[in-house]
Structures are given as C-alpha cells and as structure tokens.
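A quick write-up on the structure given underneath.
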Amino acid sequence: MVGANLKAETMTLMDKRAAMETEMNSIVERLCNPGGPGLSGNLIDSEGFPREDIDIPVVRAERRRLAELRSEHGEITEKINVNIQILHSVRPTSRASSTKDSGPEETSLSGAVNSLSASVETSGFSVTSSAMDVDVVTSIPFAMVDEINESSPAAEDGLQLGDQVLKFGNVEGGDNLLQRLAAEAQSNQGQAVSVQVMRQGAKVGLSVTPRIWQGRGLLGCHFRLV
C-alpha cells in the first residue's frame with residue numbers, strides 16, 4: 001500500500017505541476033507579446049513617467065504571480081524526484097524472482113513504479129532504466145527568450161518569444177549563464193548550435209546558427225535568466 005499511495009501522491013503532484021506550467025506559459029506569452037513589457041522590462045518611459053501603453057498594476061501582479069509559480073514549481077519538482085527515488089529504492093530488484101514468487105504488495109509496487117516511470121516520461125522527464133537502476137533526469141529551463149527580432153538569425157532558425165531554454169550548445173546551467181551563452185554564440189559563429197527549449201509545455205529541438213546580420217549581435221534575441 002505504501003508504494004501505491006506514494007505513486008498516487010506523485011501523480012497528483014505531476015498534474016498540479018502541469019497546470020502550473022500552463023499558467024506560467026500563459027503569463028509569459030501575455031507579458032512578452034510585441035510591445036509588451038517583457039518579464040523585467042521598465043514600467044516607466046524615457047522621461048521617468050509610468051508607461052501609458054500598458055496596465056502597470058496588472059503587469060506587476062502577473063510578474064509577482066510568475067515568481068510565485070516558479071518557486072512552487074521547483075519545490076514540486078524536487079518532491080516528485082524524491083518520491084520516484086523512494087519508489088525505486090523499495091522496488092524488488094531481483095529479476096530472477098518470478099511473479100508467482102512475489103507477494104501481492106511487491107507485485108503491486110513494481111507495477112506502480114513501472115506505471116509512474118511511463119507517466120513521468122510523457123510529462124517531460126527522461127527516464128533510463130537498467131536491470132538494477134533507474135536514472136531520472138529532469139529538464140529545467142535556465143533562461144527565456146524575452147526579446148527577438150523578426151528578421152534575426154534566432155527567429156529565422158526557429159526560436160520564438162517566450163521559449164524557455166533547456167540547453168544552448170554546451171550550456172545547460174550553472175554560474176555566469178548570460179556570459180556563457182554569449183561566449184557559446186561567439187565561439188560558434190557560422191556553425192549550427194544544438195538548442196533545446198520548452199515551448200507551450202513541450203520540448204522542442206532546434207539548430208541555431210549564430211551569424212552576422214543587419215542587426216546587433218549574432219543571434220538578434222535577448223535572454224533573461226529564470
């Protein structure tokens with residue numbers, strides 16, 4: 001019963017997280033629409049007055065809500081990972097034992113872990129299993145495209161406003177991310193760079209080539225850390 005209860009709890013957390021991701025994507029889309037303030041753009045004009053083209057209280061509320069969702073999303077993801085590891089740690093590991101030799105609780109727990117692993121894989125996790133071990137890898141965005149020029153290399157190669165970056169070349173996370181992103185683009189000028197993003201809750205793979213164009217930079221887009 002412990003395995004089944006833990007599986008049910010984890011599936012509930014995954015459903016909650018999916019709903020949060022949908023809400024976050026909606027907020028990002030609204031904030032990053034053309035002419036919008038973006039995720040951290042100024043709410044005052046060049047003369048220091050409140051911008052008249054946006055609803056400032058709404059923007060502030062949505063940015064605050066997005067920050068809350070991101071924090072809770074991280075906590076839920078951590079809890080999901082812990083639950084999955086617990087399920088795998090108590091799962092019968094001997095493949096020599098047949099189903100008929102296993103008790104009802106062991107059989108049920110094994111099925112629960114298998115079912116949960118399948119559900120996790122379809123929910124944005126990458127699950128790799130072997131006879132004795134299961135490695136769960138969670139993809140977490142570290143940056144977001146909050147500005148992009150329509151005729152830029154980034155746009156022409158498929159990046160879109162609001163894309164959440166999971167991997168850009170060899171950059172997947174860590175310190176000094178903005179500097180490393182710039183260095184990665186610079187060192188790969190004229191060469192295709194593998195990019196993975198989350199878009200509307202789905203993982204998308206792209207190939208982006210940093211190159212000189214009529215605008216600024218080699219990509220023509222701007223990243224914000226998340």
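Residues: numbered from 1 along the sequence shown. Computed from a predicted structure; not experimentally measured.
- A continuous path of ILVMFWY side-chain contacts below 4.5 Å connects Leu225 to Phe223, so both sit in one hydrophobic cluster.
- Gly162 and Val28 make their closest contact through CA-CG1, 3.8 Å (heavy atoms, listed as atom of the first residue, atom of the second, distance).
- Taking CD of Gln189 as the reference point, atom CG of Leu219 lies at 10.5 Å (rounded to 0.5 Å).
- Of the possible polar contacts, none joining the Asp163 side chain to the Val145 backbone as a donor-acceptor pair under 3.5 Å is found.
- In this structure, CG in Leu206 is found 8.5 Å from CD in Gln160, a value given to the nearest 0.5 Å.
- When hydrophobic side chains of Ile, Leu, Val, Met, Phe, Trp and Tyr are connected at separations under 4.5 Å, Ile212 ends up clustered with Leu218.
- Both Ile27 and Val226 are assigned to one and the same hydrophobic cluster, defined by single-linkage of ILVMFWY side chains at heavy-atom distances under 4.5 Å.
- In summary, of the residues considered (Glu75, His73, Glu68), a side chain to side chain contact (heavy atoms under 4.5 Å, CB included) with Ser71 occurs for Glu75 alone.
- Listed for the Arg180 side chain is a donor-acceptor partner under 3.5 Å among the backbone atoms of Asp175.
- Between the CE atom in Met11 and the CG atom in Leu6 there is a gap of 12.0 Å [rounded to 0.5 Å].
- For Arg60, the CZ atom sits in a loose shell: 12 or fewer heavy atoms of surrounding residues, nucleotides or ligands are nearer than 6.0 Å.
- In terms of heavy atoms, Ile148 sits closest to Leu159 at CD1-O, 3.5 Å.
- Residues Asp55 and Pro57 share a closest heavy-atom pair of OD1-CD, 3.0 Å.
- When all heavy atoms of Trp213 and Gly220 are compared, the closest pair comes out as CZ2-CA, 3.4 Å.
- Summarising the local packing, CD of Gln179 is surrounded by more than 12 heavy atoms from other residues, nucleotides or ligands at distances under 6.0 Å.
- Taking the side chain as every heavy atom from C-beta outward, Glu172 and Gln196 never approach each other to under 4.5 Å.
- Going from atom OG of Ser152 over to atom CZ of Arg216 covers 13.5 Å, rounded to the nearest 0.5 Å.
- With hydrogens and angles ignored, the 3.5 Å screen pairs no side-chain donor or acceptor of Glu150 with any backbone N or O of Ala155.
- The hydrophobic cluster containing Leu166 does not contain Leu178, counting ILVMFWY residues as joined when their side-chain heavy atoms lie under 4.5 angstrom apart, directly or transitively.
- Under the rule for a salt bridge (Lys or Arg N to Asp or Glu O under 4.0 Å), the partners of Glu156 that lie at least two apart in sequence or sit in another chain are Arg211.
- Closest approach of Arg63 to Pro37, counting heavy atoms only: NH2-O, 3.2 Å.
- Val197 and Leu66 fall into different hydrophobic clusters, where Ile, Leu, Val, Met, Phe, Trp and Tyr side chains are chained together by heavy-atom contacts under 4.5 Å.
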Q: Could you walk me through whether Gln164 and Asn25 pass side chain to side chain contact (heavy atoms under 4.5 Å, CB included), step by step?
A: CA-CA 9 Å; Gln164 302 174 62; Asn25 286 334; 2.8 Å; yes

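- In this structure, the separation between CE on Met20 and CG on Leu13 is 10.5 Å, given to the nearest 0.5 Å.
- Tested against Glu78, the residues Ile76, Ile80, Val82 include a single side chain to side chain contact (heavy atoms under 4.5 Å, CB included) partner, Val82.
- Using a 4.5 Å heavy-atom cutoff, the side chains of Arg65 and Leu69 are in contact.
- Proximity of a side-chain donor or acceptor of Asn42 to a complementary backbone N or O of Ile44 within less than 3.5 Å is not detected.
- Using a 4.5 Å cut-off on side-chain heavy atoms (C-beta onward), Arg51 and Val59 make no contact.
- Counting heavy atoms of neighbouring residues, nucleotides and ligands inside a 6.0 Å radius, atom CG of Asn170 does not exceed 12 of them.
- Considering all non-hydrogen atoms of both residues, Thr209 and Ala192 come closest at OG1-CA, 3.5 Å.
- Note on Leu161 and Phe142: same hydrophobic cluster, where clusters join Ile, Leu, Val, Met, Phe, Trp and Tyr whose side-chain heavy atoms are under 4.5 Å apart, directly or indirectly.
- The line from OG of Ser207 to CD of Gln191 is 11.0 Å long, rounded to the nearest 0.5 Å.
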